[in-house]
Number of protein chains: 2
Amino acid sequence: MEEDLFKALADPTRRLILDELTERDGQSLFEVCARLATRHGLAVSRQAVSQHLAVLEAAGLVTARREGRYKFHDLDTRPLEHIVRRWLTPAPPEDTP
Amino acid sequence: MEEDLFKALADPTRRLILDELTERDGQSLFEVCARLATRHGLAVSRQAVSQHLAVLEAAGLVTARREGRYKFHDLDTRPLEHIVRRWLTPAPPEDTP
DNA sequence: ACGATAGGCAAGCCGTCACTTGCCTATCAA
DNA sequence: TTGATAGGCAAGTGACGGCTTGCCTATCGT
């Protein structure tokens, strides 16, 4: 699980998606696509973004809720706090698989 | 540069190295190897650890100083604070002062 | 019912990454 | 000086990750 977190953060496009969700929660897949294109000049396909969102979801950084034919994505920054506790505070290290 | 930071954190062995340096700063390459083996049961070759340390150094997470034939590695967690400020600081409304 | 919209699934391609292998330099101890 | 120690460099390999391609299901508007 913690492994998924760092893998998720390793891709620059995924980090931009986190930025977009930080600014506006509850975006759909196409909204994320559009904002990546217009605000960052990224030509990312729908499938690519879909897979990125799946990775972010597996990492616990994004929660998704279905409403009709739409799927809205919300940001959850709580997993990031694990990073802080691991190295930024005088705390015992955690284990990674 | 920020790209290097996330790449460096993406590998579990490198995160363990950070853990070891958190516990004891100024370790040499062979010391890191030994501690990874004895404390985490990892059979990592010297060259592998050497490359990991180079990646951590490129990310700014580790600074190295040469003394004779030894090279000691020190941890620098400051780049990590940069990560946290990106998504964690515009935090959800919390009443705790 | 029909077409359009929103999204999912799976195979394949290609680049990157972690690791090995082999050989090299530099420092210290005898 | 010789041998042992500490580390570096570079090419090659295997696996994984990001992206595409093609086709699929589900929901909504008309």
Side-chain angles (χ1 to χ4, degrees), chain A residues 1-21 24-37 40-59 61-74 96-97, chain B residues 1-21 24-37 40-59 61-74:
Chain A
M1 188 63 83
E2 184 127 331
E3 174 73 22
D4 297 330
L5 172 61
F6 292 99
K7 294 275 183 186
L9 292 175
D11 186 86
T13 302
R14 280 198 288 270
R15 297 196 294 271
L16 285 179
I17 293 178
L18 291 182
D19 290 339
E20 284 308 313
L21 290 180
R24 194 221 251 188
D25 235 7
Q27 294 188 52
S28 73
L29 171 59
F30 275 57
E31 284 180 286
V32 174
C33 281
R35 287 174 73 110
L36 284 180
H40 301 276
L42 280 194
V44 204
S45 74
R46 174 187 65 86
Q47 293 84 349
V49 176
S50 175
Q51 290 168 8
H52 281 314
L53 285 171
V55 172
L56 290 172
E57 211 175 328
L61 288 168
V62 162
T63 59
R65 49 190 162 93
R66 261 222 173 249
E67 287 185 20
R69 57 175 164 177
Y70 298 96
K71 187 178 180 184
F72 300 111
H73 302 83
D74 300 290
T96 19
Chain B
M1 189 65 80
E2 183 130 325
E3 175 71 24
D4 297 330
L5 175 59
F6 290 99
K7 276 189 191 172
L9 292 174
D11 186 86
T13 301
R14 281 197 289 270
R15 296 196 294 272
L16 285 180
I17 293 177
L18 292 183
D19 291 340
E20 284 308 314
L21 290 180
R24 194 220 252 190
D25 234 8
Q27 294 187 53
S28 72
L29 171 58
F30 274 55
E31 283 180 286
V32 174
C33 281
R35 288 174 72 109
L36 285 181
H40 300 277
L42 280 193
V44 205
S45 73
R46 176 186 65 88
Q47 293 85 350
V49 176
S50 175
Q51 289 168 8
H52 281 314
L53 285 171
V55 172
L56 291 171
E57 211 175 329
L61 288 167
V62 162
T63 59
R65 49 191 163 92
R66 259 220 174 253
E67 287 184 19
R69 55 175 165 176
Y70 299 97
K71 186 178 180 183
F72 300 111
H73 302 83
D74 301 289

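Only heavy atoms go into these numbers, but all of them, side chains included; no hydrogens, no water, no symmetry mates. Here is the naming used below: chain letters follow the sequence lines, and residue numbers restart at 1 for every chain.
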- Distance in angstrom units between B/Leu53 CG and D/dC9 P, rounded: 13 Å
- Partner set under side-chain hydrogen bond (donor to acceptor under 3.5 Å, both in side chains) for A/Asp19, not counting sequence neighbours: B/Arg86, B/Trp87
- Task: Please state whether the phosphate of D/dC19, meaning OP1 or OP2, lies under 4.0 angstrom from any side-chain nitrogen or oxygen of A/His52.
- Result: yes
- Task: Encode nucleotides 20-30 of chain C as B, S and - characters from 5' to 3', where the letter depends on protein heavy atoms closer than 4.0 Å: B to the base, S only to sugar-phosphate, - to neither.
- Result: BB-----BS--
- Atom pair CG/CG of B/Leu21 and B/Leu61 - distance to nearest 0.5 Å: 10.0 Å
- Note on the structure: In whole angstroms, the gap separating P of C/dG7 from CZ of A/Arg65 amounts to 12 Å
- Message: Let me confirm one number: the OG-CD distance from B/Ser28 to B/Glu67, rounded to the nearest 0.5 Å.
- Response: 11.0 Å
- Message: Nearest whole Å is fine: how far is D/dG18 P from A/Leu42 CG?
- Response: 15 Å
- Query: Which distance, rounded to the nearest 0.5 Å, do you find between the CD1 of B/Ile17 and the CG of B/Leu42?
  - Reply: 9.5 Å
- Query: In chain order, what residues pass the side-chain hydrogen bond (donor to acceptor under 3.5 Å, both in side chains) check against A/Arg24, with sequence neighbours excluded?
  - Reply: A/Glu31
- Shortest non-hydrogen contact from B/Ala58 to B/Met1? O-SD, 3.7 Å
- Spacing of A/Asp11 atom CG relative to D/dC16 atom P, expressed in whole Å: 18 Å
- Message: I'd like to know if the side chain of A/His73 and the backbone of A/Gln27 have a donor-acceptor N/O pair within less than 3.5 Å.
- Response: yes
- Message: Which nucleotide wins on minimum distance to the side chain of B/Lys7, given the candidates C/dA18, D/dG8, C/dC17?
- Response: C/dC17
- Whole-Å distance separating the NZ atom of A/Lys71 from the C1' atom of C/dT5: 17 Å
Side-chain donor-acceptor pairs of residues 6-15 of chain A under 3.5 Å, sequence neighbours excluded:
from, atom 1, to, atom 2, distance (Å)
A/Asp11, OD2, A/Thr13, N, 2.9
A/Asp11, OD2, A/Arg14, N, 3.2
A/Arg14, NE, A/Ala8, O, 2.8
A/Arg14, NH1, A/His52, ND1, 3.1
A/Arg14, NH2, A/Lys7, O, 3.0
A/Arg15, NH1, A/Leu9, O, 2.8
A/Arg15, NH1, A/Ala10, O, 3.4
A/Arg15, NH2, B/Glu3, OE1, 2.8

- From CD of A/Glu3 across to P of C/dA18 the rounded distance in Å is 11 Å
- Quickly work out the A/Phe6 CZ to C/dA18 P distance and round it to whole Å. 14 Å
- Query: Taking all atoms of both residues into account, what is the closest heavy-atom pair of B/Val49 and B/Cys33, and its distance?
  - Reply: CG2-SG, 3.5 Å
- Quantify the bending of the helix from C/dA1-D/dT30 to C/dA30-D/dT1 as the angle between its end axes, each fitted on five pairs, to 10°. 30°
- Task: Indicate the atoms forming the closest heavy-atom contact of A/Glu20 with A/Leu36, along with that distance.
- Result: CG-CD2, 4.4 Å
- Mark yes or no for whether B/Arg66, through its side chain, and B/Gly68, through its backbone, hold a donor-acceptor pair below 3.5 Å. yes
- Message: If you take any heavy atom closer than 4.0 Å to DNA chain C, which residues from residues 26-35 of chain A end up in contact?
- Response: A/Ser28, A/Leu29, A/Phe30
